[in-house]
Every structure is written in C-alpha cells, then in structure tokens.
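Below: one structure, written as structure tokens.
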Amino acid sequence: PQMFHAHFNEGVAWGRLDSLAAAVAAFERYVALRPDAADGYLQLGDACARGGDRPCARDALARYLELAPQTDPHRERVRAYLRGTDPGAP
C-alpha cells in the first residue's frame, strides 16, 4: 500500500512508451490503492482514451471530475471530452 506512487509512475512510463494496456493496468492499481486521488483517474482516463476504450475513459474521467478541485486546470479539457465536443482530447 505504501508503494502506490510506484504504480502511478509506472503508468506514466508505460504511457510515454505508448504501451497503453500496461499504463491502464498500472493506473488501475494506483486508483485501487488511492480511490480519492483525482490525478490517478485523470491519468487512467487519458490512457483509456488513447487506447480507444471510450467507456473506460468516460468512467475514469467522470470520477476525476467528482474528485478534482474546481480550480484544477484539466477540468475544462475533461468536460469537453466527456461532452464529445473536442475530437482531439485527450
């Protein structure tokens, strides 16, 4: 449980290598350990979206919006993605 940051960092690394299934798996482990961590849901949603798994992306990004502070700079991009008005996002 104290290694939750390792899962987050692993997800980031896999994402940078475009190994999106591995990134999703790592972020899923992270949010399982930190269910209140908005950043984990944001990263999970982005990895799912990049991998073409729209339902996974929508679920994770909706949870991100529930958890993230109103001042979080990613909120508008996520809202646009969820509305389907931003074809390039994320």
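No hydrogens, no waters, no symmetry mates; every other heavy atom, side chains included, goes into these values.
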Can you see which heavy atom on [X] is nearest to which on [Y], and at what distance?
X: Tyr64; Y: Ala38; result: CD1-O, 3.4 Å
X: Cys56; Y: Asp53; result: N-OD1, 3.1 Å
X: Phe27; Y: Phe8; result: CE2-O, 3.5 Å
X: Val24; Y: Ala47; result: CG2-CB, 3.8 Å
X: Ala57; Y: Tyr81; result: CB-OH, 3.6 Å

**Fill in**
With sequence neighbours left out, the residues meeting side chain to side chain contact (heavy atoms under 4.5 Å, CB included) with Leu65 are Arg75, Val78, Arg79, Leu82
**Item:** Which residues share a side chain to side chain contact (heavy atoms under 4.5 Å, CB included) with Arg63, sequence neighbours left out
**Value:** Tyr41, Glu66, Leu67
**Prompt:** Going only through I, L, V, M, F, W and Y residues with side-chain contacts under 4.5 Å, is there a path from Phe4 to Leu44?
**Reply:**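 Yes, same cluster.
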**Request:** Could you grab the distance from atom NE2 of His5 to atom CG of Leu33, nearest 0.5 Å is fine?
**Result:**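 One gets 11.0 Å once the value is rounded to the nearest 0.5 Å.
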Measure the shortest side-chain to side-chain distance between [X] and [Y] over non-hydrogen atoms and say whether it is less than 4.5 angstrom.
X: Glu10; Y: Arg29; result: yes
X: Arg50; Y: Asp18; result: yes
X: Asp46; Y: Arg77; result: yes

